[in-house]
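All values below come from the heavy atoms of this structure, side chains included, with hydrogens, waters and symmetry mates left out. Residue numbers begin at 1 in each chain, while the letters A, B, ... track the order of the sequences. Computed from a predicted model, the values in this text were never measured in an experiment.
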Amino acid sequence: MVDYVWLIPALPLAALIIVLLVTRPLELAGRPRPQRTAGDAHGLHSVPDAHTAPGDEAVSHEPQAHAEEHDAHGGAHDEHGGATPFWARVGSIIAVLAMVAAFVISVIIFAQFFTGNVPGIDAHGGKTLQIYDWVSFGPLKYAIQFRVDTLTAIMLMVVTGVSMLVHLYSTGYMAGDPGYSRFFIELSLFTVSMLILVLGANFLVLFIGWELVGLSSYLLIGFWFDQAPPANLSDPDTPPYPPPAALKAFVTTRFGDFGFLIGILILFFSTGTFDFVQLQAATPHMNVALLTLAMILVFAGAVGKSAQFPLHVWLPDAMAGPTPVSALIHAATMVAAGVYLVARLFPIYAGVAGPQALQVVGYIGGFTALFAATIALTQNDIKKVLAYSTISQLGYMFVGLAVAETNATGMFHLVTHAAFKALLFLGSGCVILAVHHIQDMRKMGGLARFMPITALTMLIATLSISGIPPFAGFWSKDPIIATAFEYGTAHGGNYWLYGMTAFTAFLTAFYMFRLYFMTFGGRGGGVAGLWGGRYRGEGHPQEAPWTMWLPLVILAVPTVLLGFWGINSGFAHYLTGETIPYVNPFTEALTYTGIAVAVVGIALAWLMYGIEVLPKTLFTGNPIGALVYRVLFHKYYLDELYGAIIKYVVLGLAKGCELFDIYIIDGLVNGSARFVRGLARVSSRSETGLLQNYGAAMFGGVIVILVIVFFAVGALK
Amino acid sequence: MTSHIDAAQIWLLSPELSVVLLSFVVLGLDLLTRRKTLVWAVAFIGLIVPLVLTLSLTFNWFGERPTTAFFGMLTTDSYALFFKYLFLVIGFCVVLVSYQYVEKYLLATPGEYYSIILMSLAGMMLMGGTGELITIYISLELTSIPLYILAGLSRRDGRSAEAAIKYVLLGAMSSAILLYGMALLYGATGSTDLAEVAKSITTLGSGNLMLLAADVFIFAGLGFKISAVPFHMWAPDIYEGAPTPSTLFFSVGSKAAGFAAIMRIFVFGGLFAVSSSYLWVLLAIVAALTMTIGNVGALMQSNIKRMMAYSSIGQAGYLVMGLAALAINNSAAGTTAVLVFLVVFVVTNIGAFTGIIALADATGQENIRDFDGLGRRSPWIAAGMAFCLLALAGIPPMAGFLSKLFIFFTAWGEGSGLTFLVILGLINSTISIVYYANVVWRMYVIEPKKRERITVSNSVSLTMAVSVIGVFVLTIVIGVLMTQAASGAGSLFQALGH
Amino acid sequence: MVTLNSFVVLGAVIFCIGLFGALSRRNAVGILMSIEIMLNAVNITLVAFASAFIHNPNVGNRLTGQIFAVFIITVAAAEAAVALAMIIAIYRRRNTIDVGEINLMRW
Amino acid sequence: MLDLPTVAFYVIAAVLVGSALAVVLLRNIVRAALFLALFFGAAAGVYILLNAEFIAIVQILIYAGAVTVLVLFAIMLTRNAMSANANPYSGQWWLAGIICLALTLGIIYATGSSQMALLNPFASANMASAGDAGGSVVRIGQLLYSPFDYSYVLPFEIASIVLLVAIVGAIIIGRED
Amino acid sequence: MLTAIVFLPLLAGVITLLAPERSARWIAAIFTGAVFLLSLWLYFGLLGGSFGDVAHPQWYEHLDWINVQVGNIHFRADYALGVDGLSILMLILNSFLSFLAVIGSWNIQPRQKFYMALILFLETGVAGVFASFDLFLFIFFWEVELIPMFLLIGIWGGARREYAAWKFLLYTLIGSVFTLGGIFLIYFETGGQTASFQHLASAGPKLAGTIPFFGAALSLPVVIFILICVAFAVKMPTWPVHTWLPDAHTEAPTAVSVLLAGILLKMGAYGLIRIGFGFLPQGLEAIAPWVGILGALSVLWGAGASMVQRDMKRMIAYSSVSHMGYISLGVAAAAVATSAGNLDFRQAALTGASLQMLTHGVITGMLFFCVGVLYDRAHTREIDVFGGIGKVMPVLMLLYSFACFTSLGLPGGGGFVSEYLTFTGAYATLPVQTILAVFGVVLTAGYLLWMLRRSFYGALNPKWSWLTDATLRERSILVALVVVILFIGIYPAPFVDLLSPSLHHMLTTAQSVVAR
């Protein structure tokens with residue numbers, strides 16, 4: 001089956017093409033065309049077709065009404081309850097089916113590796129499949145190759161699995177949206193790209209996937225590109241606004257890609273190959289310092305894509321996209337690509353490059369984990385909390401990669417995180433839908449009563465992320481904290497990483513339960529505020545349809561169970577093929593410390609938001625706390641800082657370039673033209689019209705020439 | 001050298017002779033008939049006779065032609081024949097293009113006008129075909145006096161008379177200096193026969209001051225004809241004032257004749273051979289000044305004929321550069337380049353002036369401003385004129401580019417001393433494009449104030465067609481032209497035993 | 001003793017006197033007269049050279065300088081006729097023959 | 001040595017220069033024209049001195065006779081063309097003076113210092129006493145239009161056309177519109 | 001064959017002028033289409049065989065045009081047309097874009113006939129540049145396009161067209177001044193017998209020695225290289241001689257901008273590769289780091305200036321400066337020969353640079369077409385006055401976004417292929433310059449997407465609610481470009497195979513120079 005791995009990206013690609021070229025045109029053809037009447041440029045239009053998707057035929061719209069509707073929805077998308085056209089629905093079904101098939105193949109491949117029954121596997125435990133050659137110059141190969149090994153198999157599972165569920169979920173979530181088909185196209189595009197990314201056998205393919213997921217991310221963040229801007233963009237409580245968010249996401253990650261690409265260039269120049277397997281063999285011959293630098297630069301790409309400090313700023317804004325997108329791209333898969341990248345190159349990071357490479361990875365990861373968690377404490381937007389949580393958890397993964405002997409520690413967290421974070425996002429999507437596109441948790445509360453399935457699955461995921469056994473999060477996060485401790489021990493008592501991760505665990509538990517309580521629980525709810533409470537919003541929230549809650553339920557299963565794979569280093573063994581010595585966490589005191597920290601966090605959240613016995617101003621009441629709160633609430637003012645840099649430094653320099661062009665270069669150009677013209681004026685003035693002047697010039701010229709010649713004779717003689 | 005004049009010698013003279021006879025016929029016809037078309041047609045068709053006779057000389061139809069006649073005063077080497085053809089082409093075109101203009105704007109009757117032109121033409125042909133100073137001088141005067149008259153023929157304003165008087169007085173001054181130079185040359189060598197001059201001149205040192213003074217004076221006198229700086233000052237005024245077909249005639253004819261004479265005297269007379277080390281510097285300086293002043297001066301002109309005057313000064317600069325290339329090694333390459341350039345210049349300049357005449361015929365206007373929107377008012381004339389102007393500017397694909405390239409190429413190849421001159425020339429041709437393209441811009445881009453179409457007489461259209469096709473054909477067969485020019489140039493050097 | 005050089009110097013001086021007149025007289029006829037002086041200077045020079053060459057076995061008997069002078073005289077007369085005609089023509093049009101005022105065309 | 005021809009030369013030269021200066025400098029154009037006639041006559045004297053009698057005759061006939069008359073006619077016809085009180089010299093007379101002076105010196109320098117190849121044996125000879133140089137009218141006639149011996153028949157024929165052109169041209173230019 | 005490709009448009013132009021106004025566009029379309037097909041045959045006719053290199057040109061046609069020997073001067077200019085892979089690629093690009101340009105200006109007014117004729121003349125000139133195999137013929141064709149372009153900008157241009165047209169003309173001409181000097185030098189220094197490409201390609205790299213210049217002795221090959229490449233630098237354009245481009249691009253009508261960016265700039269790049277690199281590798285090598293810096297500077301400068309542009313076309317024009325910088329970089333990097341081992345890297349760089357010519361041609365062409373669609377309706381190109389028009393022009397938004405993304409080097413589009421190849425190859429020899437240039441990628445993303453965001457994203461500005469989407473004709477053009485761009489982006493092998501022999505030949509020639 002491994003040989004047919006190309007089917008996995010091919011299936012969603014096929015779905016994409018079918019939707020793009022077949023069902024969507026059919027859908028558009030079936031849509032009633034509004035009649036253009038004379039002078040209707042600003043005229044009124046009947047409602048049913050007032051909101052046409054991009055890609056639509058040229059239609060005249062009534063814009064003001066449109067904008068108003070947007071405002072009414074608080075900047076979120078609209079048109080729920082509008083019917084999804086038949087062909088759009090067909091398209092989505094095709095997409096879902098393609099994903100199911102892809103998932104099935106992934107499962108088979110996964111299983112094959114599990115059983116060890118993979119034909120043609122090479123010494124590195126994988127198989128490289130040639131797709132086609134881009135170009136090659138002598139030994140330099142630019143080949144499109146896929147590589148399947150256990151790491152890939154795991155990623156395939158994660159990507160196709162979550163993607164399949166999100167596709168399914170989206171058929172519900174996006175129902176009635178005018179861009180329904182477009183959504184599925186872009187979603188499929190993302191899936192294809194992500195699969196290319198994880199399947200890539202070399203930097204070229206990986207980079208292709210890497211950039212394409214960036215594109216999909218951009219498109220999906222900007223899915224509601226025609227929203228009107230919210231009134232107060234700079235207020236952190238305002239939901240992010242898609243157009244700038246998309247731009248920001250793309251450019252920020254590109255910034256990381258700049259480093260990434262240079263890293264690739266260094267490696268390619270030094271080794272002459274892009275291939276990961278060959279790189280492993282070739283890098284030991286490289287200059288270590290250069291290699292270390294290259295690896296750090298490659299990590300810069302990961303920093304961008306995985307939203308690590310200082311390039312994390314785009315991810316919270318990326319929440320402007322539809323929630324399924326947030327779940328799939330900005331929680332489960334794409335943002336984990338950076339982690340995957342480091343894991344993929346782990347042999348080089350750990351084995352060949354200097355220790356500084358992984359130290360950079362670890363410290364940036366650890367710092368980001370803590371840093372993002374602190375911001376998450378203060379956010380009121382449900383998706384933003386989750387976004388910062390994602391950043392924080394990604395930081396964990398990097399720490400896991402940096403401190404452990406194998407890449408399994410970090411990867412395991414990636415896998416479990418994919419499950420529970422997707423669950424959390426999808427759950428939040430249900431909530432948002434239920435409360436009519438409000439994302440502010442202060443306007444929620446007590447929703448568990450209205451939507452029990454969502455609440456329950458969300459609770460499981462929250463426990464999981466908080467690191468409470470036996471949920472998956474515990475099994476993946478605890479080893480990271482534990483290894484960080486060991487790492488500290490091994491490095492002369494440098495417990496910074498441990499301290500950061502452990503403290504972050506506390507913060508995580510706190511803010512995640514803050515989120516849970518503010519959304520589903522609250523004072524007066526059942527089970528001590530855990531189940532229901534006062535609903536602070538408007539309207540009557542309802543449980544989501546089955547297409548939406550079913551994925552939640554399905555995701556809840558790995559959220560609960562996946563952790564047990566970690567017992568006895570099962571996951572690590574699968575991934576690395578080696579037998580890793582396993583220490584039962586429950587035999588270690590450290591584990592209990594970790595759990596205790598988490599429990600304290602949960603308890604604090606419970607006291608403040610569950611039963612609300614502690615005032616919310618507990619920490620912010622005093623001036624220092626208030627200041628800290630302000631700083632955290634404004635995300636350390638980093639957006640403002642970056643904005644200022646762009647506005648004044650980058651655009652300033654750019655303006656400088658332009659002014660240089662206009663005044664210096666063109667000044668020279670126009671100046672010389674003016675000079676010649678002046679010369680022309682002067683020289684034509686010499687034509688006085690007096691014939692005797694002309695004669696004088698003639699004979700004067702004769703004399704001058706005569707003198708020159710005579711002097712030349714004297715000089716040459 | 002045959003000792004007495006026989007039929008064969010008359011045969012050698014026959015092209016010029018027939019032109020002169022034609023001018024008599026035309027002049028006489030004018031007395032007999034008042035039909036302008038007839039006079040015009042006779043003048044035009046009559047020119048076929050000298051053409052045929054020239055062909056007969058070229059291809060030795062009547063037996064092997066003698067090399068010289070009239071005691072060495074008439075030579076029919078390839079160089080002379082080359083110029084004969086060139087002048088005949090000029091004659092054809094000028095006669096053709098004048099048809100309407102003559103009756104509209106000129107003082108003279110057509111018969112007088114054409115006969116004067118034809119006499120001048122005979123003078124030009126003789127200038128290329130003689131190797132003796134007295135004959136050159138007389139031919140020059142035969143060329144010039146009709147030109148003075150032609151300058152003053154316009155009926156319309158005082159500018160024409162003014163042009164004529166300026167022309168005649170300055171021309172006389174230049175004749176004086178030319179004569180003085182010839183006298184000195186005669187004094188230095190004892191002969192006015194250039195072949196003998198070349199022989200005896202070798203005994204004089206290269207730094208012989210009298211010889212150099214003669215060189216300078218002769219160049220000054222002929223420099224007036226080719227409007228080289230600083231002898232160029234007459235050109236703008238006289239171009240502007242003279243009736244346009246006359247302007248055309250002396251912009252191409254006088255210039256070509258001047259170059260014919262210069263090269264004949266300086267090469268055939270062995271002057272370059274003796275004093276090239278001084279003369280090329282002189283020529284390089286003159287070339288640099290000429291092209292710069294011509295091209296820069298043309299930039300701000302508002303009268304198109306005045307602009308064309310400066311343009312032709314600029315073009316003369318390139319030609320003088322060719323002369324410098326000729327002088328530096330006294331080699332045939334420079335001559336070839338000058339000949340090629342002259343041909344292309346003549347053809348393109350005719351085209352450009354034809355456009356001016358066409359507009360003048362129809363509207364009487366001759367400011368650059370008046371060309372606004374000509375592309376819409378008269379597409380074909382505008383296209384042809386644009387084509388020729390751009391060829392003058394040296395923009396491909398027109399032959400002007402190639403001839404200019406060739407002259408630069410030769411100058412570059414002949415000596416490192418001329419490198420900077422070539423670069424200056426290249427810069428100048430960039431400058432020149434500004435004013436040429438400006439006319440094109442006005443014809444095509446600017447919207448005309450009046451939109452009615454301009455009617456153009458057939459003769460003008462035909463001239464335009466001839467010159468455009470000529471330029472086009474020259475582009476393709478420029479290789480052939482260059483070979484012919486090379487043989488012409490070679491014949492100039494042959495006598496010297498090079 | 002009168003040598004060839006005396007004649008040549010005489011010619012040069014007269015030529016330049018004529019030139020001065022040509023360049024400074026404002027009357028067009030005056031200019032024309034000055035030009036005639038210049039041409040005469042050339043003639044003197046030529047004839048002097050011809051006399052100097054008279055014993056030259058190759059070219060002496062051709063009297064080239066004298067013949068040249070004849071032609072110059074002829075042409076000068078013709079030129080003078082044309083020039084005077086033009087002076088009269090411009091006088092009729094502009095009522096002046098002051099070359100300082102004949103500057104309709106310039107720049 | 002001061003022989004007659006030498007004296008004659010200097011006298012004639014003085015008259016020549018003087019009359020030329022008078023032509024150039026005199027304010028009154030009519031007087032200038034009369035001095036022109038004198039100048040032409042003196043030039044003929046030079047020719048006689050050089051034993052070029054034919055040239056001298058022609059000079060008298062054409063220049064002193066025809067051209068002077070022509071000039072005088074022209075002066076008469078263009079009467080009052082110059083405003084009476086205007087300066088007869090152009091503003092650039094000083095420049096013209098410099099040019100002329102320089103040119104004179106240049107030519108004298110060039111002719112004086114250079115060796116005239118074919119002239120060498122004769123250059124220093126006393127020109128004024130060269131004796132009969134064969135410049136007879138017959139010889140000149142031969143040289144002008146003999147078809148058998150070396151002759152300037154071609155320029156001669158051309159000169160005739162030049163005269164014709166001049167006549168035609170003068171008529172065209174001179175006639176009333 | 002080549003003669004037909006070069007002169008058929010000329011013929012068509014004349015026919016167009018003679019034909020009635022209404023039929024002009026049809027004639028133009030038919031002929032450009034036919035030429036496009038012919039030029040495709042250049043490729044397909046050779047498929048399976050060799051695409052040739054400069055020593056073994058394909059479809060070679062040769063006639064004596066000028067061959068004069070006078071004294072020691074031998075002026076020889078042959079009518080020699082030939083192609084190798086590089087030329088074939090450019091010829092196809094030329095005919096393709098010309099065809100699209102004709103279609104794209106289907107309804108141009110006024111003076112449609114004249115417009116079409118000029119486009120056809122332009123095509124002839126450009127095709128001649130790419131097909132000529134004699135240096136004099138090359139320079140002959142080089143300037144043919146000037147006047148048609150001058151008039152196209154002048155007549156159909158925008159408000160400042162006069163300034164733009166003149167600037168274009170003079171800038172280009174002044175560049176040619178130096179080039180002609182360089183051509184004379186190389187002609188005489190390589191024997192003064194012929195300027196055929198075959199001869200120069202073998203004799204040029206052998207040039208050595210110095211040339212005196214005001215007392216200093218300058219390396220002869222370097223001097224020739226610099227002289228010749230001035231015109232190319234202007235045309236490309238390279239900083240600091242790029243300022244004509246924004247004006248010309250901005251003022252030119254849409255299709256002309258497409259041609260300007262799509263092929264005219266490529267003439268410069270082609271010249272740089274074919275003549276600068278091909279004939280004088282040693283000259284380029286000596287100054288390669290500086291050329292690389294110029295390239296990188298162009299990249300960054302162009303990108304920087306793009307950011308602050310208000311006019312879409314002006315922005316794209318500056319982006320062209322930026323993207324053409326990659327070509328300079330790639331070519332410079334290919335010329336550096338630090339060791340024999342990195343020949344492959346250098347070939348990658350050179351291939352990337354050559355491919356960038358193609359990809360930039362189609363991508364920027366597409367960008368200009370997109371702006372043109374917008375401008376045709378709105379009559380403004382100012383980015384900030386739009387807003388949210390994606391709502392009413394969804395198809396255009398899609399295609400425009402596609403163009404932007406491929407332009408910023410997103411995989412799947414051709415731009416990625418060329419940039420990636422250039423970077424990976426160039427880093428081997430010019431690391432610092434490459435890193436600087438790579439940063440341009442970030443900036444490119446910034447300004448292009450920012451432009452999209454400001455014009456297409458956000459709430460629809462009610463002022464523009466009447467805008468209509470791209471018509472079928474416009475869509476067909478854009479989709480055709482999409483197909484090409486995707487094809488290059490996904491499967492570049494045919495293009496690289498086409499280029500490889502000629503580029504490899506150049507590189508090995510250069511290599512042998514260094515080895516010597």
N-O pairing of C/Arg94 and B/Glu162 below 4.0 Å: yes
Straight-line distance of B/Met182 CE to C/Ile72 CD1, nearest 0.5 Å: 9.0 Å
Minimum side-chain heavy-atom gap B/Met173-C/Leu23 below 4.5 Å: yes
Value rounded to 0.5 Å, distance of CG in C/Leu39 from OH in B/Tyr180: 12.5 Å
Between CD on residue B/Glu196 and OG1 on residue C/Thr64, distance to nearest 0.5 Å: 8.5 Å
Considering all heavy atoms, the nearest C/Arg93-B/Ser154 contact: NH2-O, 3.9 Å
Within the 6.0 Å centroid threshold, strictly below: C/Phe68 and B/Tyr186: no
Test item: B/Lys166 and C/Val99 side chains (from C-beta on) under 4.5 Å apart, heavy atoms: no
Chain C contact via B/Ile138 - side chain, backbone, both or neither, heavy atoms under 4.5 Å: side chain
Shortest non-hydrogen contact from B/Tyr148 toward C/Met86: O-CE, 3.0 Å
Greatest number of heavy atom pairs closer than 4.5 Å to chain C - which of B/Gly241, B/Ser302, B/Ala176: B/Ala176
Most contacts with chain C, counted as non-hydrogen pairs under 4.5 angstrom, among B/Ile145, B/Leu142, B/Ile238: B/Ile145
Pairing residues for B/Ala213 by the side-chain contact (heavy atoms from CB on, under 4.5 Å) criterion, not counting sequence neighbours: A/Leu706, A/Phe710, B/Leu184, D/Ala110
Criterion ring pair (Phe, Tyr, Trp, His ring centres under 6.0 Å) on B/Tyr137 and C/Phe71, from CA distance to verdict: CA-CA 9 Å; B/Tyr137 169 67; C/Phe71 282 116; 8.6 Å; no
Distance (rounded to the nearest 0.5 Å) between C/Leu32 CG and B/Ile165 CD1: 8.5 Å
Chain B contact via C/Ala80 - which portion, at a heavy-atom distance below 4.5 Å: neither
Residue C/Ile35 versus chain B: region with a heavy atom under 4.5 Å: side chain
Heavy-atom pair count under 4.5 Å with chain C, highest-scoring of B/Ile149, B/Leu179, B/Thr192: B/Leu179
